[in-house]
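Data block below; observations after.
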Amino acid sequence: MKEYNHLKIEKKIQENWKKKEIYKAKDFKGKKYYSLIEFPYPSGDGLHVGHVRGQVAMDIVSRKRRMEGYNVLYPIGWDAFGLPTENYAIKTGKRPKVITKKNTDTFRKQAKSLGISFDWSREINTTDPAYYKWTQWIFLQFYKKGLAYKAEIPINWCPRCKIGLANEEVVDGKCERCGEMTERRMKNQWMLAITKYAERLDKDLDLVDYPERVKSSQRNWIGKSEGSEIDFKITLPKNSEKLLSRFSHSNLTTDNESNIAYKAESTSQNFLGVLKVFTTRADTLFGVTYVVLAPEHDLVQKLLPNILNKNEVSKFIDEIKKKSELERTGENKEKIGIELKGIKATNPANGEEVPIWIADYVLANYGTGAVMAVPQHDTRDRDFAEKYNLPIIDRPLVDIQEITKKVGGKMVTKFKLRDWVFSRQRYWGEPIPLVNCDKCGLVPLSEKDLPLKLPEVKKYTLTETGESPLAGISKWVNTKCPKCKGKAKRETDTMPNWAGSSWYYLRYIDPKNKNKFVDPKKLNYWSDVSNKDLKAKSYKLKAGPVDWYNGGMEHTTLHLLYSRFWHKFLYDLKLVPMVEPYKKRTSHGMILGAGGVKMSKSLGNVVNPDDIIKTYGADTLRVYEMFLGPFEDGAIWNTESIIGSRRFIEKVWRIGEKIVTKQTNNFRNCALGDKRTGDPHVSENCLSASSLALKKLLHKTIKKVGEDIESMHFNTAISSMMILATEMEKSEFINTDDFKKFLQILAPFAPHMTEELYKQLTINNYELKIKKEKIISSIHLSSWPKYDENLIKDDEVKIAIQVNGKVRAEIMIQVSESEEIIKEKALKNEAVLRFINGAEIRKVIYVKNRLINIVI
RNA sequence: GCCCGAGUGGCGGAACCGGUAUACGCGCACGACUUAAAAUCGUGUCUCGCAAGGGAUGUGGGUUCGAUUCCCACCUCGGGCACCA
């Protein structure tokens, strides 16, 4: 045994793992555990230290589960469709497929060099036709159920590049490439009706174990709110003089029968329509002084003939429509609007006629696209009222439910969530598998024609009209209708990069299946659904197949929500057994560069894991990243501190070396066993006080590390192992079995070094030679050590003695000693007496095994 | 503006359920080993004070025998959402 050479050891151990396939998950074998990380986008920059953090954390969990006897599925794949690859292809002329191949090769090599225990036999790639066949297939199921539909919606249009941009490509309202301000333009887009699942996506968060911040962020995004829908009748103004006088003299009663009666009057020939508003504050109905419609509201066009200032209004609407989302909703944007002159709305609560306005601060796609304005209670309405000199009146509040009922409205639930814009005018994505037939209209491809492969193109840039590059390949576009065999054209849009990642966790279960997206039997196994469960149907309102899913906070409202939506849809089609895909979700914080800034190429502060592995080794990098700080928080990278983790690894190595070369006294040489600890190898005689203390410390550490891994407190787990290593190195006597237990709990963190030492120790273990036991193949398949309850209890503890809450002395006590005796001891203590100084003792508080507080 | 999260040494951070604040690591200083250096090991390292002792967990209050922990107000930073009626 020689000096610790991480390069040699790690290479050797990794080759051995590969040969023996020890991380392969086997279907239908024993109790399963499914741990998952978000599969990375294989960018040209290679693996980031941030990826490493998440992969290592779940690797630790997965390794511990294996040692606990679970059949663990810890898979990996590539979320490879996406813009950076496509942009790189445009710039270099290289084929996206080739770029992706190169990048995934790099990522794979890097993950392997980190010693992550992925099951490489299940690797998937979203750009592989064998994979996206099923992405397209699921899309067609959405289509068949009417949940995938086409709609004219506004997109971000860059007037200089003459292309439509995805929201991700618009930065501060400007085109990411040329910096031109983008405009809104109407375009026919594919949509997925996620809003149909809004209620369930909100409610079912109760069924899963997600961090509170993730749940609240999703709930925020879904934006459920309960309110009232109330109708305002629109009429030509009548009795305007009478109304004005009413307005100024009306008393402040809230329960006004004559006002309600007034409602009937308005159903005259002046009636023009009904304006439905949504409000969460129906209680303020008596404070309404005007109503506002979104400029895009359908009713506006219908009312136009009756509006006196229709030219001005039309002009106003045109201007608003041209504006981008940012211009319209940007920060501190001043609200603009225009009154629809010549018509009035009637407040159903008191029959008052109020003016009707349209304004940019009312959104067409939320609620009913119209609001009742109560400047007294709403700051936005107040701003607007002040600007346009609209009345602001104060009226008493009434009961929401009561008033809603009284005015003939109803209580409703609304969501902020909007349907998902599912098409991209891009090349590097899954083609949408439908054709437009002149005769039959939109026709989906049949399953046997899937996958609809992405064709090769010469240019990846968009066409002149802003369509996908696919639109330029007439050979591909012009096809036959699957239904009537007549002429048809393919859809040329592709899916967003969120498509492939919405169901990938299911494919890992059965990655090579050619006939189904996943085999239901395998899915049931990996979801822990037994035949018995199937009969009882008790499993449905649970989450699975994934037991533990770790990923970044940045995916909380997009990927995580989208994949929950797809899963629920598949559940409704009876294709997956449970309503939720992920039982438990955790999120890690970002790793930042020095000074707490994001790592970026332009700042030159990007840390390449390859360099760290080369210099310090994968084990050191793994320990370092886990030791950085609390896993769920962000962390600041500091290359200078890595040395601490390396020292720790080397320290453990030195202890191992000492044992292997027999430079230490080993309890094993003592005969008989130890009755107290039940360890057959340890004799009572050999167990000196110091070595018993070491044994106790070991068992406490086993307990702590086990618990800390479960709660992802990796930093404190490592800290406790550092303490143990220091104590072991100091100790004259080290029990080989005890040291092996230490190696086992360290193994998930530093899998290479511990594997090597474990092997060395096993080979050198003379008892095993005597027993002719088989040499254990890998520490990672050994059993997670159990701690001894008796050994984690202390017989003696140090407690503090406080006088008036201040620590004045410390004493050792036996745990078995009674409270009275301990208090007596404390009151006799010299230092304590000095502070009491004859004063009257009012109270003595004893906290078991902690402290005594004497109040004087 | 709203919703989360967080403020502890020179730095990253510990502290269970309200019970000895500053574990562990980095850095720094000194010492041992060495011809020397590196590595390693040891000692020290919040602050004021010679000491006895006092003061410190963003700030100011409160509850309590006792508060980093609970409550109220405020300040700062990070993240998310943002004209959502």
Side-chain angles (χ1 to χ4, degrees), chain A residues 3 211-221 223-225 227-228 277-282 284 292 294 328-335 359-363 365-374 377-381 383-384 414-418 553-554 556-557 589-590 592 594 596 623-624 627-630 632-645 647-648 650-651 654 704 707 713 715-723 726 729-730 798-810 834-835 842-856:
Chain A
E3 211 164 281
E212 204 41 53
R213 58 178 177 161
V214 171
K215 283 192 185 183
S216 76
S217 171
Q218 287 215 350
R219 289 215 157 100
N220 217 2
W221 184 265
K224 181 176 174 172
S225 78
S228 320
V277 303
F278 172 69
T279 179
T280 53
R281 295 294 310 271
T284 64
V292 198
R328 206 174 138 179
T329 62
E331 222 175 324
N332 301 325
K333 170 74 181 55
E334 189 162 333
K335 299 164 186 32
D360 63 346
Y361 80 96
V362 175
L363 307 171
N365 46 14
Y366 181 74
T368 58
V371 299
M372 56 180 225
V374 188
H377 289 282
D378 184 286
T379 51
R380 291 157 306 185
D381 295 342
D383 289 346
F384 194 76
K414 298 279 179 190
F415 297 92
K416 281 191 213 173
L417 188 71
R418 295 174 198 177
M553 268 314 276
E554 70 274 23
T556 299
T557 49
M590 244 199 318
L592 303 167
V623 168
Y624 171 69
F627 189 58
L628 261 179
E632 307 230 319
D633 294 358
I636 292 171
W637 184 272
N638 180 11
T639 302
E640 214 184 29
S641 325
I642 297 176
I643 192 69
S645 302
R647 282 177 188 152
F648 167 58
E650 282 183 14
K651 185 177 282 184
R654 279 200 308 272
K704 176 146 182 70
E707 289 167 357
H713 292 143
N715 53 336
T716 50
I718 291 167
S719 142
S720 68
M721 288 190 284
M722 282 171 165
I723 295 168
T726 304
E729 195 177 35
K730 273 196 252 171
K798 192 166 74 179
I799 66 162
I801 306 173
Q802 297 182 334
V803 178
N804 281 353
K806 287 205 166 140
V807 179
R808 298 302 183 188
E810 282 173 349
R834 206 145 37 88
F835 280 95
R842 291 171 53 192
K843 219 198 257 185
V844 180
I845 294 148
Y846 174 57
V847 183
K848 199 167 189 311
N849 299 341
R850 291 273 175 190
L851 55 72
I852 288 178
N853 191 11
I854 300 163
V855 187
I856 55 169

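Chain letters run A, B, ... following the sequence lines, proteins first and then strands; every chain starts at 1.
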Reckon [X] has a side-chain N or O less than 4.0 Å from the OP1 or OP2 of [N]?
{"X": "A/Y361", "N": "B/A85", "answer": "no"}
{"X": "A/K335", "N": "B/C83", "answer": "no"}
{"X": "A/K730", "N": "B/C41", "answer": "no"}
{"X": "A/N715", "N": "B/C24", "answer": "no"}
{"X": "A/K806", "N": "B/G55", "answer": "yes"}
{"X": "A/S217", "N": "B/G79", "answer": "no"}
{"X": "A/R647", "N": "B/G27", "answer": "yes"}
{"X": "A/R654", "N": "B/C41", "answer": "yes"}

Atom-pair distance ([atom1] on [X]; [atom2] on [N]), nearest Å:
{"X": "A/R850", "N": "B/G18", "atom1": "CZ", "atom2": "P", "result": "12 Å"}
{"X": "A/Y624", "N": "B/C24", "atom1": "OH", "atom2": "P", "result": "19 Å"}
{"X": "A/D633", "N": "B/G80", "atom1": "CG", "atom2": "P", "result": "15 Å"}
{"X": "A/M553", "N": "B/G80", "atom1": "CE", "atom2": "C1'", "result": "7 Å"}
{"X": "A/N853", "N": "B/G19", "atom1": "CG", "atom2": "P", "result": "13 Å"}
{"X": "A/H713", "N": "B/C24", "atom1": "NE2", "atom2": "P", "result": "19 Å"}

Nearest-nucleotide pick for [X], side chain only, options being [options]:
{"X": "A/I845", "options": "B/C65, B/G27, B/A23", "answer": "B/C65"}
{"X": "A/E729", "options": "B/C41, B/C81, B/C26", "answer": "B/C41"}
{"X": "A/V371", "options": "B/G27, B/U20, B/A85", "answer": "B/A85"}
{"X": "A/L851", "options": "B/C83, B/U20, B/G25", "answer": "B/U20"}
{"X": "A/F278", "options": "B/A23, B/A85, B/C41", "answer": "B/A85"}
{"X": "A/T716", "options": "B/G27, B/A14, B/A85", "answer": "B/A14"}

Provide the Watson-Crick or G-U wobble partner of [N], both distances under 3.5 Å; none if there is no partner.
{"N": "B/U76", "value": "B/A6"}
{"N": "B/U34", "value": "none"}
{"N": "B/C81", "value": "B/G1"}
{"N": "B/G66", "value": "none"}
{"N": "B/G27", "value": "B/U45"}

Look at all strands and tell whether [X] reaches a base, only sugar-phosphate, or nothing, counting heavy atoms closer than 4.0 Å.
{"X": "A/S719", "result": "base"}
{"X": "A/N638", "result": "nothing"}
{"X": "A/E212", "result": "nothing"}
{"X": "A/R213", "result": "sugar-phosphate"}
{"X": "A/E810", "result": "base"}
{"X": "A/T556", "result": "nothing"}
{"X": "A/R808", "result": "sugar-phosphate"}
{"X": "A/I801", "result": "nothing"}

Next on the checklist: Is the ring pair A/Y624/A/W637 parallel, tilted or perpendicular, if the boundaries are 30 and 60 degrees?
Outcome noted: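 Perpendicular.
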
Item to check | Anti or syn - B/C17, cut at 90° from 0 | outcome: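 Because its glycosidic torsion lies within 90° of 0, B/C17 adopts the syn conformation.
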
Between the protein and nucleotides 49-52 of chain B, list the N/O to N/O atom pairs that are separated by less than 3.5 angstrom.
none

Next on the checklist: Between B/C2 and B/C83, how many Å separate the two C1' atoms, rounded to a whole number?
Outcome noted: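 Result for the C1' pair: 13 Å, nearest Å.
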
Checklist entry - Which value, in whole Å, describes the distance between the P atoms of nucleotides B/A6 and B/C48? => result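 That atom pair is separated by 32 Å.
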
